[in-house]
Amino acid sequence: MKPPKTLTTTTAEEEETTMRKQPPSPPKPPRVNSMLQWWRRWTVLVAAIWIQAFTGTNFDFSAYSSDMKSSMGVSQSRLNYMAVASDLGKALGWSSGFAIAYFPVSGVLFAAAAMGLVGYGVQWLSIADVIDLPYSLVLVCCSLAGLSICWFNTVSFILCIRHFKANHSLALSLVVSFNGISAALYTLGHEAISGKSSASSDIYLLLNSLIPLIVSVLALWPVLTNPNSSETDTTRTHDETRIFVVFNVLALVTCFYLLLPSSGTYLASSPRWHFLGAIFLLLFPLCVPFLDYIHRALESCFHHHSSGYAAVNIEEPKILKIKSQKSNAEEESDQVRLGDEHSLGMLVRKLEFWLYYVAYFCGGTIGLVYSNNLGQIAQSLGQSSSNAKSLVTLFSAFSFLGRLLSSAPDFTRKKLKYLTRTGWFTISLLPTPLAFFILAYSPKTNQTALLEVATALIGLSSGFVFAAAVSITSELFGRNSVGVNQNILITNIPIGSLFYGYMAGSVYDTNASLGRKSVVADSVVCVGRKCYFVTFLFWGCLSVLGFVCSLFLFIRTRPVYHRLKLNRM
């Protein structure tokens, strides 16, 4: 008789130990078919970058506001109401969150383009003296244009979250950062078409109406990408992070490239070549996934076995134990906490939301209103229209840089584990009060230089706030609800625009009536430091309040980020 076979059993731990002892296999070069899917997934991110780069049209308002003021013959207060009307359209931005739930992304994208085409197109017909519009109808067009910006933003947010679930914070920070360069791009486009010395500003409104529609057509094919069909496995998360680093480096290059108009270089003196260079920098990210493919293929060819054993994480049992205890505690509690999905009713009942709301209201919103008044601020200090456009480009470039810095929490999470995203948000609000107090008390001898410094600081701060807010909203109040919750948050923009704009316009018109005025193209212009002195002091004090609220938000949300960190392990 044959001896009975001995049955051997292995535990899961022994199998895992055996697998760890096996030498790691060299990485295989990705197949071409898989590479095309991988590349098309990244074209979605590039399309979102294009959408953001050319739809931040509210940032170039100050570039043509002076001509709009003289063309319509309105006061500074009534001009500010036009900026308020544009921001008032954002009060209805939550509608895009509901639209994206019932309609395809491409439909929402073209609805936004149609709103912008009508809103800015009708304003262009007015400023070009093709038609004569009543002031009330111009306000309606401004509101429609502002609403289109919110719909474009929601499309970009949804594309990032659907296609880059593991790194959605990096995608959001990168994409939203490009919204800050719109003013610089439109300034370059204006100079390339009309010439650098052209004083006509109506071309801005024509570009604002047409370019977003053209970009929407170009972005249609990537937008139609199905995220399920192009989903990659979890082993590519590291590859994603590496490409995001390259994208951020390219974004930094783009930022400094846009500052060339003030450098006096040959490229800066040739607007058309300068504009074409900016377009090339926006197209180049399409090549990055292919370069990554070549890099990984070469790496697989020259890979050598380094060791027969793989590293073992001795902290893994502890982490699993902590997560097990955490999950048990979560099952025992039915209360909705920060980090979970929040409905509108839950959102408005949270103290953290209102701290967040006030911090944004006294931080990023003030920066936006400052940019809307930048043309009149420069004019009151004796700056020419060309200098005012340079300030718009400076604000735009530093806003772009601030938005890029909003991804710092994702790259420094391990090194600065005690500084959460809300902590970075708090730090970002510090330059704003400093800049306003510089503007209020700047000596006349260094007025021009200090105006540029303050503009750069406010652009840097507000840019960080605009970009970081999307990730903070998704992390504190739910990723799936970000389309609605983020648009609820930015309802503070029209409120702040009305409040701050009315105050700035009243002070401006009061000083003009006291004799500090001149007449430019049948329009009364206030001249002198007193035109905005009280406004700068008031805005500076309010920005200090925003900093204090953000500090309390940081203290109250640290446990939330600790829990999110444990969930990632």
Side-chain angles (χ1 to χ4, degrees), residues 53 56 58-63 176-188 248 251-265 268 274 278 362-408 424-425 427-443 445-468 529 532 535-536 539-540 543-544 546-547:
N58 54 329
F59 290 104
D60 64 351
F61 175 76
S62 56
V176 175
S177 67
F178 280 86
N179 197 246
I181 67 171
S182 295
L185 286 174
Y186 281 105
T187 298
L188 284 176
N248 277 272
L252 278 173
V253 172
T254 305
C255 174
F256 289 111
Y257 176 84
L258 292 173
L259 291 174
L260 283 177
S262 59
S263 63
T265 62
H274 195 187
C362 297
T365 300
I366 286 185
L368 179 60
V369 177
Y370 172 81
S371 70
N372 289 338
N373 284 268
L374 194 53
Q376 283 67 51
I377 291 172
Q379 200 174 42
S380 69
L381 297 176
Q383 304 286 326
S384 64
S385 61
S386 60
N387 287 341
K389 291 174 182 177
S390 297
L391 286 173
V392 172
T393 301
L394 183 69
F395 181 91
S396 179
F398 274 88
S399 175
F400 183 28
L401 182 60
R403 291 164 188 256
L404 282 178
L405 290 175
S406 68
S407 61
W424 284 95
F425 185 83
I427 294 172
S428 72
L429 293 179
L430 278 173
T432 302
L434 177 63
F436 283 126
F437 292 138
I438 288 175
L439 287 170
Y441 294 105
S442 59
T445 53
N446 299 323
Q447 206 168 61
T448 302
L450 291 176
L451 176 61
E452 293 177 351
V453 171
T455 299
L457 287 175
I458 296 171
L460 187 72
S461 177
S462 59
F464 192 105
V465 171
F466 293 144
R529 293 178 64 248
Y532 281 95
T535 301
F536 290 149
W539 288 354
S543 58
V544 171
F547 171 77

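Note that the structure is predicted; figures quoted are calculated from it, not measured.
- Atom CD1 of I181 sits about 5.0 Å away from atom CZ of F400, to the nearest 0.5 Å.
- A donor-acceptor pair under 3.5 Å is formed between the side chain of N373 and the backbone N or O of V369.
- The aromatic rings of Y257 and H274 lie perpendicular to each other, with more than 60° between the two planes, well past the 30° mark.
- Ring planes of F436 and W539: perpendicular class, angle over 60° (limits at 30 and 60°).
- Between F398 and I458 there is no side-chain heavy-atom pair separated by less than 4.5 Å.
- L252 is not listed as a side-chain neighbour of N248, based on a closest heavy-atom distance of 4.5 Å or more.
- In this structure, the side chain of S428 does not engage the main chain of S461 through any donor-acceptor pair within 3.5 Å.
- Side chains of Y532 and S380 form a contact here, defined as non-hydrogen atoms less than 4.5 Å apart.
- Using a 4.5 Å heavy-atom cutoff, the side chains of L439 and L451 are in contact.
- Of the possible polar contacts, none joining the S399 side chain to the F395 backbone as a donor-acceptor pair under 3.5 Å is found.
- I377 has its side chain within reach of F536: a pair of non-hydrogen atoms, C-beta onward, lies under 4.5 Å apart.
- Under the 3.5 Å distance criterion, the side-chain polar atoms of S543 are left unmatched by any main-chain donor or acceptor of C362.
- With R529 contributing its side chain and A440 its backbone, the two residues share a donor-acceptor pair below 3.5 Å.
- Residues P443 and L450 have side chains in contact (heavy-atom distance under 4.5 Å, counting atoms from C-beta outward).
- To the nearest 0.5 angstrom, T187 atom OG1 is 11.5 Å from L394 atom CG.
- The closest side-chain heavy-atom distance from L430 to L434 is not below 4.5 Å.
- Rounding to the nearest 0.5 angstrom, the gap separating the CZ atom in F437 from the OG atom in S442 is 13.5 Å.
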